[in-house]
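Structure record follows, encoded as C-alpha cells.
In what follows, chains carry the letters A, B, and so on, assigned in the order in which the sequence lines appear, proteins first and then strands, with residues in each chain numbered from 1.
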Amino acid sequence: MRYWLVKSDPESYGWPEFLKEGKTDWTGVRNFQARNNLQAMMYGDEVLFYHSQQGRDIVGIATVTKPAFPDPTAKSGNWVAVELTPLQSFKNLVNLEVMKQTPELKNISLIRQSRLSVMPVTGEEFAKIMELSGLQD
DNA sequence: GCCAACGTTGGC
DNA sequence: GCCAACGTTGGC
C-alpha cells in the first residue's frame, strides 16, 4: 500500500463537505506530475487530505475506492480522476508550520514542492503525521 | 494583498 | 528549440 497527499482549498471543497458526501471523484487535476500521481494510486491506498490557503492543515485521511479513470470534466487531453472515500478525521489537525518544524518531515513534498496538488508521501512521513494527529493509526 | 515558484504559451 | 511574458497556485 502506498500513501499520498491531496490538497484542496476548503473554500472550493473542504473536508466537511467530503464527509457529508461520503465519497467524491477527485477531478480537475490539470498538471502532469499530479496526473501521474493520481494514475499511480491503487485501491486501498491512503490519502492525506490537506486544506491549502485556509488553515494549512492536514485534516484527515481518505482511501482510494476507485483507481484512475478518465476525468469526466476534461474536455480534451489525457486526464484522470480517482474516487476517494473518507477514512478518518484527525483528532488534532496537523499544521504546515508544525510539519516544517518536524525534522522527520523536512523532505516532504508538501514543503519541497508547494504548488503540487497530488503527491506521494513516504511510509515514514505518513507514520509521523499520524503520530502528530493524535491517532495511532 | 504581495510575491515566489513554476507551468504554459507564443514569438522568433 | 529557446526564452520572455504571462497566468496560477499557495505561503506569508
Side-chain angles (χ1 to χ4, degrees):
Chain A
M1 147 151 48
R2 296 179 67 184
Y3 301 102
W4 308 93
L5 182 147
V6 295
K7 285 190 200 171
S8 187
D9 181 349
E11 195 162 285
S12 47
Y13 191 79
W15 182 256
E17 294 155 84
F18 184 35
L19 282 181
K20 205 170 143 199
E21 286 184 30
K23 64 181 172 143
T24 194
D25 286 346
W26 208 257
T27 57
V29 169
R30 297 292 181 273
N31 167 283
F32 291 112
Q33 210 180 338
R35 194 273 314 270
N36 293 344
N37 290 331
L38 278 184
Q39 219 150 26
M41 288 185 187
M42 295 179 58
Y43 181 85
D45 282 359
E46 294 188 1
V47 184
L48 299 167
F49 194 106
Y50 175 78
H51 278 169
S52 62
Q53 316 268 27
Q54 291 159 58
R56 288 169 212 139
D57 302 297
I58 299 176
V59 293
I61 313 175
T63 186
V64 178
T65 41
K66 200 192 285 178
F69 54 91
D71 183 346
T73 70
K75 292 184 183 71
S76 65
N78 179 26
W79 302 109
V80 299
V82 296
E83 182 189 84
L84 298 179
T85 299
L87 202 58
Q88 259 184 322
S89 296
F90 277 178
K91 198 192 296 178
N92 308 318
L93 306 188
V94 180
N95 186 261
L96 180 63
E97 191 53 38
V98 172
M99 289 188 265
K100 282 189 171 175
Q101 286 164 11
T102 302
E104 292 90 337
L105 300 176
K106 71 177 191 320
N107 289 325
I108 196 169
S109 304
L110 183 65
I111 296 168
R112 295 210 133 191
Q113 247 184 304
S114 67
R115 291 188 55 212
L116 188 60
S117 62
V118 181
M119 63 191 82
V121 174
T122 67
E124 290 77 11
E125 289 162 352
F126 186 85
K128 191 67 198 175
I129 288 163
M130 289 307 292
E131 191 187 317
L132 293 171
S133 76
L135 300 171
Q136 56 277 61
D137 201 356

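- Between A:Q113 atom CD and C:dG10 atom C1' the separation is 13 Å, expressed in whole Å.
- Taking 4.5 Å as the limit, every side-chain heavy atom of A:K66 sits out of range of all side-chain heavy atoms of A:V82.
- As rounded to whole Å, 11 Å separates atom P of B:dC6 from atom CZ of A:R112.
- One side chain, A:D71 or A:T73, offers a donor N or O that lies under 3.5 Å from an acceptor on the other.
- Proximity of A:Y50 to the phosphate of C:dG11: a side-chain N or O atom is located under 4.0 Å from OP1 or OP2.
- Across the protein-nucleic acid pair, A:I111 atom CD1 and B:dA5 atom P stand 16 Å apart, rounded to whole Å.
- Straight-line distance from the CG atom of A:D9 to the P atom of C:dG11: 10 Å, rounded to whole Å.
- Per the geometry, CZ belonging to A:F32 stands 14 Å off C1' belonging to B:dC6, to the nearest Å.
- Checking B:dG7, B:dC6, C:dC12 against every side-chain atom of A:R115, the shortest atom distance belongs to B:dC6.
- For the pair A:S114 and A:R30, both in contact range of DNA chain B, the more 5′-proximal nearest nucleotide belongs to A:S114.
- Atom CE in A:M119 sits roughly 17 Å away from atom P in B:dA5 (whole-Å rounding).
- Shown here is A:Y43, whose OH atom has no more than 12 heavy atoms of other residues, nucleotides or ligands within 6.0 Å.
- Checking C:dT8, C:dC12, C:dG10 against the side-chain heavy atoms of A:S117 singles out C:dG10 as nearest.
- Relative orientation of the A:W26 and A:Y13 rings is perpendicular, given thresholds of 30° and 60° on the angle between their planes.
- In this structure, the CH2 atom of A:W79 is 7 Å from the P atom of B:dT8, given to the nearest Å.
- For A:D57 and C:dG11, the CG to P distance is 11 Å, given to the nearest whole Å.
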